[in-house]
Amino acid sequence: MGTIIRFLEDCFKRGNDFSLDSHGYLPPLEYSSLAPHSTCNRNDSLMDQIAIKHNDAIVDLQTAHAQGISGEPILFDNSPAALEVLRHSTAHLMAQAIKNLYTNAKFFVGPVVKEGFYYDFKVDESIGEEDLKKIETEMTRLAKLKSPIERYEISMEEAKCKFADDELKLAVMERIPSETVSIYRQGDFEDLCRGPHLPSIGDIRHFKLTKIAGAYLGGDSSKEMLTRIYGIAFADKESLRLHLEMLAEAEKRDHRKIGNEMKLFTFREEVGAGFPIWLPAGSRLRSRLEQLLFKAHRKRGYEPVRGPEMLRADLWKVSGHYQNYGENMYFTHIDELEFGVKPMNCVGHIKVYEQDLRSYRDLPLKFFEYGVVHRHEMTGALHGLFRVREFTQDDAHIFCTPDQIEAQIIEVIDFVDRIMRSFGFSYKMMLSTKPEKAVGDDSVWETATNALRTAMERHNLAYDVDEGGGAFYGPKIDIKITDAIGREWQCGTVQLDFNLPARFELGYTAEGNEKLQPVMIHRAILGSFERFIGILTEHYAGEFPMFVAPTQVAIVPIAPSHEAYAKELSDKLMDIGADCEVFDKNESLNKRIRTAEKGRVPMIIVLGDEEVNARSVAVRDRRKREQYNLGEAEFIALIQQQLNEVHF
RNA sequence: GCCGCAAUAGCUCAGUUGGCUAGAGCAGCUGAUUUGUAAUCAGCAGGCCCGGGGUUCGAGUCCUCGUUGCGGCACCA
């Protein structure tokens, strides 16, 4: 959440206008300067002390006072620590309001999360979206009473007595190991809670309940479903306003909506859930990405290969997918034999490797494929292009010797860096190390993990470590990108694998003529084209840069007499690999320009007598929001240059 | 998979407590107009109201099963 606020602050500092102007035009953002920093939105009038920081923990004043602890003051502002306290108390205020409105309400847990806070609870009545307003109103009313928030401790035994008729609270207590528990009280409302809380509910003024949904008790799908209400709170009005604006902005950028408007892709009930259909505009965009990436792979020594869509089930048994991933796979029979539709491309690539006797001189071998895979995702998981059942990975497998690992990792990370920068994504990396259940020698794990570490450090790349979070076959690096409105997405992944080479008994002839086993590096950079294009759509709000835009140029001839020139230009653009569309319908000029603009085409050229005579074009540049005139040759050169601006 | 909500024209949406031939805007088609930078005018056409079953004299509307979507959860990463 902090990231989003900081981002919005950045935008406003830079004078970027977030809102749409009267024509629905969304100005491009400066994508590159989004590195997080620690600004917090301080407002002097708000700076009362609400808690202290003691040994890195946030301790509220009630607790500090009771236990006689002191520490660095936490003031009432939008710093992460202050927001944590504020939002926690807002969750309690919400619970109090719900309790007043639904007297038999029972509460489970109400933590602060990245997007604000939530509270899980149970009521007899059914609560819907429209009830949120009612609860908010009650919260406001209660906040105005400015009740102090008091804290006291009782023994677990007493607590179990106190909440004897509340099975949810009892369930909460099951999860608390300590002998005593703390109770917080505001007015006539009491709740079991470890805090920290504000001194008074009167400080809670700028909040909003955002969502209502079901959630399992304790996140356990075998347990009952509770009602969950999400909300957000800030120290000041302006921050709340910015946050709500940001949510509205995210909604405007929804790739499902923009994808529909721009006719990029669609889904159809009769085709089946999770199976995207790529429309011409989306396919042009996708094809540009594919072509750029193809060249980039070739330059780095990758060989294109292609495995079959279905492979015999026996192979999936050897690879371990049948046992470990079978639930997510689609199987079928051909004659007497069972086949599995591939959920990953590695087995196909292994078969390519096996096709020849390999020598250490051949390594590393890098095979890549735009691999179409099918995975059975649960219905509830499907979401636009972000989560589908059929998608195409920009997948590659590098077969190398253990001492080549480091260099290969560095190369892959450099590849990732090149691509993500081109799109204006900042990113961070996560190194996941050996899990408890793992295959392979410790020494190999150590080599591999160190190789990953060294690679990161040599590039001065910051990374977090997820201790024990690696795959069972090897450690990995995941790449998390941050988009233009501060949201994080996991795309690329680089995984070291000693397992599959062993299972398939892969080998290469080493210098001393001995048979050794190669290491496999699985890597994807975009992850999947579907997901990545979804992310790009939201990142750019549909305002794709020239090099991936579905249509580069819209040509608008003023009258039929200018159509011949339009056609001529259209051919020349096609020759340099630019797609264009001629808007020559029998409609007013204004209407056709409007249509072109609504299609978010980056460059519109208008052709009239002047242009035909001078062999020039009148450019309407959507990115720069400028109009200017260019000679035909200069214009073609400009488009060419913009298309060539990016190469990975 | 679970909880809740929804599905009406290619798209976005109206459609009263069940009651005449289901409406609008955009897009499409036809005609007029031939335009110098964000909607010219007129006309026409377009619907198994998601699918199956039921209640009812009568269902877009109510019930039920299913499909698909949406918001979460869980899953995945």
Side-chain angles (χ1 to χ4, degrees), chain A residues 21-25 113 115 118 120 122 126-132 210-230 251 254 256-257 260-263 266-275 279 325 327-328 343 375-384 386-389 430 432 466 469 471 476 478-480 488-493 495 524 527-528 531 554 556-563 583-599 604-612 618-622 625-629:
Chain A
D21 73 5
S22 57
H23 296 312
Y25 177 82
V113 289
E115 312 74 31
Y118 67 80
D120 285 352
K122 193 160 81 170
S126 72
I127 295 192
E129 199 90 23
E130 59 294 349
D131 298 306
L132 295 185
T210 49
K211 254 174 228 165
I212 179 162
Y216 294 117
L217 194 156
D220 181 343
S221 58
S222 68
K223 298 279 172 53
E224 70 178 301
M225 178 74 63
L226 306 174
T227 303
R228 173 175 295 181
I229 295 182
Y230 283 92
E251 210 177 302
D254 191 316
R256 292 165 300 186
K257 186 170 156 267
N260 190 30
E261 281 168 15
M262 295 181 74
K263 298 191 200 297
T266 189
F267 291 90
R268 289 184 148 257
E269 183 176 339
E270 69 270 28
V271 170
F275 296 111
L279 303 174
Y325 203 73
E327 282 184 358
N328 294 302
R375 295 182 185 175
H376 184 75
E377 299 288 351
M378 284 196 282
T379 51
L382 301 175
H383 180 96
F386 288 161
R387 203 68 174 278
V388 288
R389 285 178 174 157
M430 181 81 84
S432 302
D466 179 8
K476 60 175 181 168
D478 290 327
I479 292 102
K480 255 192 189 168
E488 289 184 352
W489 307 94
Q490 194 194 313
C491 289
T493 180
Q495 306 180 353
S528 87
R531 184 174 153 81
V556 186
I558 289 176
S561 57
H562 311 123
E563 280 167 20
F583 289 76
D584 57 359
K585 252 193 247 161
N586 181 11
E587 280 169 341
S588 70
L589 178 66
N590 280 342
K591 176 67 177 289
R592 286 177 290 147
I593 285 170
R594 178 184 153 85
T595 310
E597 286 285 8
K598 296 247 349 166
I604 297 173
I605 57 174
V606 178
L607 308 177
D609 287 342
E610 254 175 64
E611 286 72 25
V612 171
V619 178
R620 189 183 158 102
D621 190 318
R622 185 166 169 87
R625 307 202 68 190
E626 278 173 8
Q627 293 177 26
Y628 47 89
N629 284 278

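Letters go in sequence order (proteins before strands), and every chain restarts at 1. Just so you know, these numbers use all the heavy atoms, side chains as well, and skip hydrogens, waters and symmetry mates.
- B/C73 and B/U64: their C1' atoms are spaced 26 Å apart (whole Å).
- Closest to the side chain of A/Ala381, out of B/C75, B/G28, B/G36, is B/C75.
- Nucleotides B/G15 and B/A7 are separated by 11 Å at their P atoms, to the nearest Å.
- Spacing between atom CG of A/Asn260 and atom P of B/U12 amounts to 5 Å, rounded to whole angstrom units.
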With side chain to side chain contact (heavy atoms under 4.5 Å, CB included) as the test, would you mind laying out the steps for A/Thr379 and A/Arg389 before giving the verdict? CA-CA 10 Å; A/Thr379 51; A/Arg389 285 178 174 157; 3.5 Å; yes
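- Nearest nucleotide to the side chain of A/Pro560, out of B/U34, B/U35, B/A74: B/U34.
- Residue A/Glu563 is out of contact with every strand shown, counting any heavy-atom pair closer than 4.0 Å.
- Here the side chain of A/Asn590 is nearest to one of B/A77, B/U40, B/G36, namely B/U40.
- Taking each heavy atom of A/Gly274 and A/Leu382 in turn, the nearest pair found is N-CD1, 4.0 Å.
- Within 4.0 Å of A/Glu587, counting heavy atoms only, lies at least one base atom of the nucleic acid.
- Summarising the geometry of A/Gly384 relative to A/Phe267, their closest heavy-atom pair is O-CZ, 3.4 Å, with the distance given to 0.1 Å.
- Residue whose closest nucleotide on RNA chain B sits further toward the 5' end, between A/Ile604 and A/Arg387: A/Ile604.
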Stepwise, does the side chain to side chain contact (heavy atoms under 4.5 Å, CB included) test hold for A/Arg622 with A/Ile604? CA-CA 7 Å; A/Arg622 185 166 169 87; A/Ile604 297 173; over 6 Å; no
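- Using a 4.0 Å heavy-atom cutoff across all strands shown, A/Ile558 reaches at least one base atom of the nucleic acid.
- For B/G46 and B/G10, the P atoms lie 12 Å apart once the distance is rounded to whole Å.
- When each of B/A39, B/C73, B/G28 is scored by its nearest atom to the side-chain atoms of A/Arg228, the top-ranked nucleotide is B/C73.
- With P as the reference atom, B/A27 and B/U12 are 15 Å apart, rounded to whole Å.
- The shortest heavy-atom contact between A/Glu563 and A/Asp584 is OE2-CB, 3.7 Å.
- The closest side-chain heavy-atom distance from A/Arg592 to A/Pro557 is below 4.5 Å.
- Nucleotide B/U12 holds its P atom 14 Å from the NZ atom of A/Lys598, rounded to whole Å.
- Atom OH in A/Tyr118 sits about 10 Å away from atom C1' in B/C73, given to the nearest Å.
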Show, in sequence, the C-alpha distance, side-chain angles and deciding distance for A/Arg256 and A/His383, and conclude whether the side chain to side chain contact (heavy atoms under 4.5 Å, CB included) test is met. CA-CA 9 Å; A/Arg256 292 165 300 186; A/His383 180 96; 3.2 Å; yes
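- To the nearest angstrom, P of B/A38 lies 6 Å from CD1 of A/Ile593.
- No hydrogens or angles were tested; on distance alone, a donor-acceptor pair under 3.5 Å links the side chain of A/Arg620 to the base of B/A38.
- Nucleotides B/U61 and B/A6 have their C1' atoms positioned 15 Å apart, rounded to a whole Å.
- A/Thr493 and A/Gln495 get closest at one heavy-atom pair: OG1-NE2, 3.3 Å.
- A/Glu610 comes within 4.0 angstrom of a nucleotide base, judged by non-hydrogen atoms across all strands.
- Evaluation of atom-type donor-acceptor distances gives no pair under 3.5 Å for the side chain of A/Gln627 against the base of B/G36.
- Here A/Ser588 reaches the OP1 or OP2 of B/U40: one of its side-chain N or O atoms lies under 4.0 Å away.
- Taking the C1' atoms as reference points, B/C50 lies 28 Å from B/C75, given to the whole Å.
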For A/Asp478 and A/Lys476: C-alpha separation, side-chain torsions, deciding distance, then whether salt bridge (charged side-chain N to carboxylate O under 4.0 Å, His left out) applies. CA-CA 6 Å; A/Asp478 290 327; A/Lys476 60 175 181 168; 3.4 Å; yes
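- Nucleotides of RNA chain B nearest to A/Ala618 and A/Thr493 differ in position, and the one nearer the 5' end is that of A/Ala618.
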Apply the test salt bridge (charged side-chain N to carboxylate O under 4.0 Å, His left out) to residues A/Glu597 and A/Arg620: give CA-CA distance (whole Å), side-chain angles for both, the deciding distance (0.1 Å), then the verdict. CA-CA 10 Å; A/Glu597 286 285 8; A/Arg620 189 183 158 102; 2.5 Å; yes
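- B/C70 and B/C29 have their P atoms separated by 31 Å, given to the nearest Å.
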Scoring nucleotides 66-71 of chain B by protein non-hydrogen atoms under 4.0 Å (B base, S sugar-phosphate only, - none) yields -BSSSB
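- Set against B/A77, B/G28, B/G36, the side chain of A/Asp478 has B/A77 as its closest nucleotide.
- Between the CD atom of A/Glu626 and the P atom of B/U37 there is a distance of 18 Å, given to the nearest Å.
- With sequence neighbours left out, the side-chain contact (heavy atoms from CB on, under 4.5 Å) criterion links A/Asp466 to A/Met430, A/Ser432.
- The interatomic distance linking A/Lys591 (NZ) with B/G25 (C1') rounds to 12 Å, in whole Å.
- Side-chain atoms of A/Lys476 lie closest to B/A77 of the nucleotides B/U34, B/C73, B/A77.
- As a whole-Å value, the separation of A/Arg592 CZ from B/A27 C1' is 17 Å.
- In RNA chain B, runs of at least 3 consecutive Watson-Crick or G-U pairs, each pair with both distances below 3.5 Å, span B:1-7 with B:67-73, B:10-13 with B:23-26, B:28-32 with B:40-44, B:50-54 with B:62-66.
- Expressed to the nearest 0.5 Å, how far CD1 of A/Ile229 lies from NZ of A/Lys211 amounts to 13.0 Å.
- Distances from the side chain of A/Arg594 to the nucleotides B/U35, B/C73, B/A39 place B/A39 closest.
- Comparing B/U68 with B/U8, their C1' atoms are spaced 15 Å from each other, to the whole Å.
- The side chain of A/Lys585 lies closest to B/G28, out of B/G28, B/U35, B/C75.
- Atom CZ of A/Arg625 and atom C1' of B/A38 are 11 Å apart (whole Å).
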